S.K.: 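Pasting in a structure now, in structure tokens, and then I'll have a few things to ask.
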Amino acid sequence: MKISILYICIGKYTVFWEDFFESCERRFLPKYEKHYFVFTDAPSLYYESQCPRIHRIHQENLGWPYNTLMRFAMFSSIKKQLEGGG
């Protein structure tokens, strides 16, 4: 079974990505295949080049509070990818 994880990591919040990814890989449903859809303005992400299950989606920094308020629009923008299972 595949699981899609949607993660917003824009601006300074990119500092949380590495710990989140490592923790999620070890502790969150460890027997399942997890695909990470990461909305970010960062040019690269920790471990992205080694893990094909990390899907970086470029997202402009909309500023506060729009990075949060627009999350469902962000998620909807990859609806077809999510339906395809990664």
Side-chain angles (χ1 to χ4, degrees):
M1 180 182 289
K2 292 182 183 181
I3 297 172
S4 294
I5 297 168
L6 307 177
Y7 191 87
I8 298 173
C9 128
I10 298 171
K12 295 177 183 178
Y13 289 90
T14 58
V15 301
F16 298 111
W17 168 247
E18 181 178 346
D19 287 341
F20 173 82
F21 175 75
E22 294 290 342
S23 176
C24 200
E25 285 291 287
R26 278 193 313 273
R27 296 185 176 110
F28 182 66
L29 301 172
K31 296 183 182 188
Y32 292 87
E33 180 180 336
K34 294 178 284 283
H35 285 257
Y36 300 86
F37 293 86
V38 185
F39 296 84
T40 186
D41 56 350
S44 63
L45 294 167
Y46 168 78
Y47 212 65
E48 146 182 52
S49 61
Q50 294 91 350
C51 181
R53 295 176 294 107
I54 298 173
H55 310 278
R56 182 169 42 91
I57 297 106
H58 178 75
Q59 174 61 51
E60 291 294 324
N61 187 344
L62 303 173
W64 173 258
Y66 299 104
N67 287 335
T68 295
L69 291 175
M70 299 303 293
R71 67 187 174 276
F72 297 113
M74 291 178 206
F75 299 162
S76 293
S77 73
I78 62 164
K79 183 179 178 181
K80 290 201 186 313
Q81 280 181 275
L82 295 172
E83 289 171 347

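All values below were derived from every heavy atom in this structure, side-chain atoms included, with hydrogens, water molecules and symmetry-related copies excluded. Remember, predicted model here, so these are calculated numbers, not experimental data. Start at 1 with the first residue, then count along the sequence.
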S.K.: Say you draw a straight line from CG of N61 to OH of Y13; how long is it, rounded to the nearest 0.5 Å?
M.R.: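 So the CG of N61 and the OH of Y13 are separated by 10.0 Å.
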S.K.: Working to the nearest 0.5 Å, report the span between OH of Y36 and SG of C24.
M.R.: 3.5 Å
S.K.: Membership question, hydrophobic clusters at under 4.5 Å side-chain separation (ILVMFWY): are Y7 and V15 in the same one?
M.R.: yes
S.K.: Would a 4.5 Å heavy-atom cut-off, applied to side chains only, mark F20 and Y46 as touching?
M.R.: no
S.K.: Under a plain distance cut-off of 3.5 Å, with no hydrogens placed, do E22 and Y47 share a side-chain donor-acceptor pair?
M.R.: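 The criterion, which ignores hydrogens and geometry beyond distance, is not satisfied for E22 and Y47.
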S.K.: Count the heavy atoms of every other residue, nucleotide or ligand shown that sit under 6.0 Å from CE of M70, and state whether that count exceeds 12.
M.R.: no
S.K.: To the nearest 0.5 Å, tell me how far Y32 OH sits from I3 CD1.
M.R.: 6.5 Å
S.K.: Any chance you could measure E83, atom CD, to S4, atom OG, to the nearest 0.5 Å?
M.R.: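 Reported value, rounded in 0.5 Å steps: 11.0 Å.
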S.K.: By the definition side-chain contact (heavy atoms from CB on, under 4.5 Å), identify the one residue from I8, I57, I10, L45 that meets it with V38.
M.R.: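 Checked I8, I57, I10, L45 against V38; only one passes side-chain contact (heavy atoms from CB on, under 4.5 Å): L45.
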S.K.: Specify the closest pair of heavy atoms between F21 and I54, including all atoms of both residues, with the distance to one decimal.
M.R.: CE1-CD1, 3.8 Å
S.K.: How many angstroms lie between atom CG of D41 and atom NE2 of H58, to the nearest 0.5 angstrom?
M.R.: 7.0 Å
S.K.: For the side chain of N67 and the backbone of L62, is there at least one donor-acceptor N/O pair under 3.5 Å apart?
M.R.: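 Pair found, side chain donor or acceptor close to backbone of L62.
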S.K.: Following the transitive rule for hydrophobic clusters with a side-chain heavy-atom cut-off under 4.5 Å over Ile, Leu, Val, Met, Phe, Trp and Tyr, establish whether F37 and F28 coincide in one cluster.
M.R.: no
S.K.: For a salt bridge (charged side-chain N to carboxylate O under 4.0 Å, His left out) with R53, tell me which candidate from E48, E25, E33 qualifies.
M.R.: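 Exactly one pass, corresponding to E25.
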S.K.: Quick one: do M1 and L82 end up in the same hydrophobic cluster if we chain Ile, Leu, Val, Met, Phe, Trp and Tyr together by side-chain heavy atoms under 4.5 Å apart?
M.R.: no
S.K.: How long is the span from the CD atom in Q81 to the NE2 atom in H55, to the nearest 0.5 Å?
M.R.: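 Here the interatomic distance stands at 7.5 Å.
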